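Everything numeric here is computed off the predicted structure, so don't read it as measured data.
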Protein chains: 2
Amino acid sequence: MYGAEYHQKIVVAAAQIIADEGLSHLSLRTVARKVGVSTTVIYSLIGNREDLIEAVSREARGSFVREQRAVGCTENVLVDLKNLGRAYRRWSLENPALYSVMFGGYFGPQEIDREPIAPLADAVHRIHAQGRLKIEDPWQAVWAFWSAVHGATTLEIAGGCVMVGGQSEESFEVILEGMVRGLVSA
Amino acid sequence: MYGAEYHQKIVVAAAQIIADEGLSHLSLRTVARKVGVSTTVIYSLIGNREDLIEAVSREARGSFVREQRAVGCTENVLVDLKNLGRAYRRWSLENPALYSVMFGGYFGPQEIDREPIAPLADAVHRIHAQGRLKIEDPWQAVWAFWSAVHGATTLEIAGGCVMVGGQSEESFEVILEGMVRGLVSA
DNA sequence: GCTATTTAATAACAGTGTTATTTAAACACT
DNA sequence: AGTGTTTAAATAACACTGTTATTAAATAGC
């Protein structure tokens, strides 16, 4: 019995491979070799390849959520909202492959839990509580901000940003500022 | 010599498989069987698997561009801009797998040509020419609209929309309206 | 100490991308 | 027409892959 610590070893080995070489280079045999066990252990401890990727996704989600929660709350909610967006972008650009596994939709329609965007949702609801939201449903605003930030980061990861010839950070600020101006009143 | 018409047959067979069963189910042997040739023909006519996917991507890009161009120009540029976004979403939801191949960033940083978003860029520049853009650089506005639309569609494809519990079309309209209000003055 | 059961390693199967080899066809030239 | 040569496609091979069946080893209970 290899115990639960090998579960962790396997998941971090798989996460390293995904982060370093991409999802397509993830093979159960190389993961098993890296950890020093046989592929049978992966099957009995975690499951098949899809389950392993799911486990890596859960682990990555934990890191992502931790960094979103690390964004503090100031007296200005709009500043918090933008800081959440900036942290979102920063984590995605630092872990592009893991981000793709989380939100890339590789597996078709999946059950995405709302924990990763909970801080974002909180900020938007705080704005809504102040009566400054230009639309009635705060969740639609959450969806809008999430879409903008997600789209910008995924396109930047894919290399689409250089195409329109702008500095990345400035362009991201424009997107944040644009959505804020469009959805919340001063 | 199988000629150029087999090039087309191979590409459409591959595109069908990607659209029906996903990119991961694309195998050179099944494509060759579907067309009625050997895998050697694919290698000599197109190249390896990555080249085949690239060819499918080019084909899909053609269809996408055609539908973007089909969005006519009215006297109201904002209506045109929104119609382009709606057509963008419609095509993406109808061809989710092909859309992922085009803009999913499966291959890491790639050279994305700006033809697919040329109509969008035109509309934004037309708004800029009217002096109604709230930011100085029109390309940053193009980038912002593209990010919002791309993010909304990819998240909807991945199944993230149901999560925030909104009707898809309404939420998309909110995103369009939000970005327009944020970036262009009345 | 010996059996019984769990656990992991090995081996096997079907399938993959890719390359090497072989067979077939087309063509040029006398 | 027949022979030699070049080209093209099919077949076979190699090194992988995910997954499952089988075998060996270690542990547990008595």
Side-chain angles (χ1 to χ4, degrees), chain A residues 1-60 97-98 100-101 104-108 110, chain B residues 1-60 97-98 100-101 104-108 110:
Chain A
M1 183 53 172
Y2 271 114
E5 75 273 26
Y6 267 81
H7 183 111
Q8 189 70 8
K9 283 188 180 183
I10 291 169
V11 172
V12 308
Q16 267 183 11
I17 292 177
I18 293 178
D20 293 348
E21 312 167 45
L23 182 60
S24 61
H25 285 74
L26 180 75
S27 111
L28 297 185
R29 280 180 169 89
T30 59
V31 169
R33 246 195 306 271
K34 204 178 172 87
V35 177
V37 294
S38 174
T39 59
T40 319
V41 181
I42 301 179
Y43 275 91
S44 66
L45 247 56
I46 295 175
N48 63 5
R49 187 175 190 266
E50 194 173 341
D51 297 327
L52 177 59
I53 297 172
E54 170 70 31
V56 170
S57 175
R58 203 183 350 260
E59 190 85 1
L98 292 177
S100 288
V101 169
Y106 282 82
F107 313 116
Q110 51 182 330
Chain B
M1 184 53 173
Y2 270 115
E5 75 272 26
Y6 267 81
H7 184 112
Q8 189 69 7
K9 283 188 179 181
I10 291 169
V11 172
V12 308
Q16 266 183 11
I17 292 177
I18 292 178
D20 293 348
E21 311 168 46
L23 182 60
S24 62
H25 284 74
L26 179 75
S27 115
L28 297 185
R29 281 179 168 88
T30 59
V31 169
R33 246 195 306 271
K34 205 178 172 87
V35 177
V37 294
S38 174
T39 59
T40 318
V41 181
I42 301 179
Y43 276 91
S44 67
L45 246 56
I46 295 175
N48 61 8
R49 188 175 191 266
E50 194 173 341
D51 298 325
L52 176 59
I53 297 172
E54 170 70 33
V56 171
S57 176
R58 205 184 349 262
E59 190 84 2
L98 293 177
S100 290
V101 169
Y106 283 81
F107 311 117
Q110 51 182 329

Residues Leu28(B) and Thr39(B): closest non-hydrogen pair is O-CG2, 3.9 Å

Can you check whether Lys9(B) reaches Lys34(B) side chain to side chain, under 4.5 Å on heavy atoms?
no

To the nearest 0.5 Å, tell me how far Leu23(B) CG sits from Leu98(B) CG.
10.0 Å

Does the side chain of Arg33(B) reach to within under 4.5 Å of the side chain of Thr30(B), using non-hydrogen atoms?
yes

Per-nucleotide protein contact along nucleotides 18-26 of chain D, 5' to 3', at a 4.0 Å heavy-atom cut-off (B base, S sugar-phosphate only, - neither), is BBB------

Axis deviation across the helix from dG1(C)-dC30(D) to dT30(C)-dA1(D), five-pair ends, to the nearest 10°
10°

What distance separates Ser24(B) OG from Ile18(B) CD1, expressed to the nearest 0.5 Å?
10.0 Å

Taking the side chain as every heavy atom from C-beta outward, state whether Gln16(A) and Val12(A) have any atom pair closer than 4.5 Å.
no

Among Ile46(A), Ile42(A), Val35(A), which one satisfies side chain to side chain contact (heavy atoms under 4.5 Å, CB included) with Tyr6(A)?
Val35(A)

When rounded to the nearest 0.5 angstrom, what is the spacing between CG in Asn48(A) and CD1 in Ile53(A)?
9.0 Å

Could you state the CZ-C1' distance from Arg33(B) to dT16(C), rounded to the nearest angstrom?
11 Å

